[in-house]
Chemist: 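There's a structure below that I have some questions on.
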Amino acid sequence: MIVLTYNTDNSTKTDIYCSVDYNIFKNIVNDRNYVIITDEKVYNLYSENLVKSNCIIIKEGEEHKNLSNIEYVIRQFIAKDLDRNSIIIGFGGGLVCDIAGFAASIYMRGTPVGFVATTLLAQIDAAVGGKNGVNFGSYKNYIGNITQPQFIINDALFLKTLSDKDYLSGIGEVLKYCLISNSNLIEYFTSNFNSVTMRDKDVMDFLVKECIKIKTEIVSRDTNDKGLRHILNFGHSFGHCFEIVDGLAHGIAVTKGMCTAIDLSVKFGYADARLRDRVYELIKSAGFETEYKLDTRHFDLLQKDKKKSGNYIDFVFLSEIGNPIIGKTAIGDIIKAVVE
Ligand code: GLY
């Protein structure tokens, strides 16, 4: 068992358990009143170890990431007599973690939450760092806050049951960490790529741990996303647009967003064409398409990105592997540059 602990600049502490049997959540919860929020698919896979009367089962899919679902969950908390000494557990992927984290953060002005993260994407990103929330119409993650979980449990077993699409989506976020960090993760990823595709336990344990280390180091320095933390958004400004307009899984949309971002990095003079070729090669060889198409639907959403202020956006460019640059840029200039 590996336990990584991160502290935030608000003095909270989160324990992340990696390479463990997920059932250790029972020891952590101990004799506290608890409830598990999960989705239908995850519940059906792991029901034999869950007590049904403690579970709130929500529907899968981005279309359910909304305020009505939060209201539904909160009604269940009340029915199950949860109070601020109880603990809420999000047992699932990114959607479940977002719903559980947000509902817990507002229920009785804040009730403890922990996550059992069942997708690669949740293990390395969604469960880590405290961002939670729901969409508002087409606007992604518009309603939410940053509240840290008490614990995160990552069991390698979960990666074996993921669909190919969900696994690839998680790999998309792994690639983001490879590109924004100077920790030689990119070399490890490319030289172990066959094992990554085979979902080899040791290789994936290592990658999950390294991605978490990169993220928690950033989150502990800029928990409230005032500056440095924006670099975790590399590929996300357009990624969110591809996700909503083209209906792509999050991490797959992010790889297209990274292709857009590296093209813009060259166009705005942050990077040279060799870096672009290297990034494209990495993304392609990991099994993603590098072509993308943008139209007014994407641009309309870009103008509503949460990282904007007025007509400007804190766009994340890349100047070298491991050197992301946050550049305040006019949204109009970005749109002009991508259509050129
Ligand atoms: N997923 C980006 C962040 O947590 O800041």
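Each ligand, and each atom within it, is numbered from 1 in the order the structure gives. As a basis for the values below, the full set of heavy atoms in this structure was taken, side chains included, without hydrogen atoms, waters or symmetry mates.
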Chemist: Compute the shortest N/O to N/O distance between N233 and ligand 1 and return yes if it is under 3.5 Å, no if not.
Modeler: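 It does not: no N or O of N233 is found under 3.5 Å from an N or O of ligand 1.
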Chemist: For D225, is at least one N or O under 3.5 Å away from an N or O on ligand 1?
Modeler: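 No.
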Chemist: For the pair H250 and H240, name the ring-plane relationship: parallel under 30°, tilted 30 to 60°, perpendicular over 60°.
Modeler: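 H250 vs H240 ring planes: tilted.
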Chemist: For a 4.5 angstrom cut-off between non-hydrogen side-chain atoms, does T197 reach Y167?
Modeler: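 Result no, sub-4.5 Å side-chain heavy-atom pair not found.
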Chemist: May I ask you to check whether K215 has an N/O atom sitting below 3.5 Å from an N/O atom of ligand 1?
Modeler: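 Yes, there is a polar N/O contact under 3.5 Å.
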Chemist: What atoms of ligand 1 come within less than 4.0 Å of a heavy atom belonging to D125?
Modeler: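 Counting atoms of ligand 1 from 1, those under 4.0 Å from D125 are 1 (N).
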Chemist: Can you name the one residue among K215, K213, E210 that meets side chain to side chain contact (heavy atoms under 4.5 Å, CB included) with Y177?
Modeler: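 Among K215, K213, E210, the one that satisfies the side chain to side chain contact (heavy atoms under 4.5 Å, CB included) with Y177 is K215.
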Chemist: Regarding D15 and K13, does a basic nitrogen lie under 4.0 Å from an acidic carboxylate oxygen?
Modeler: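 Yes.
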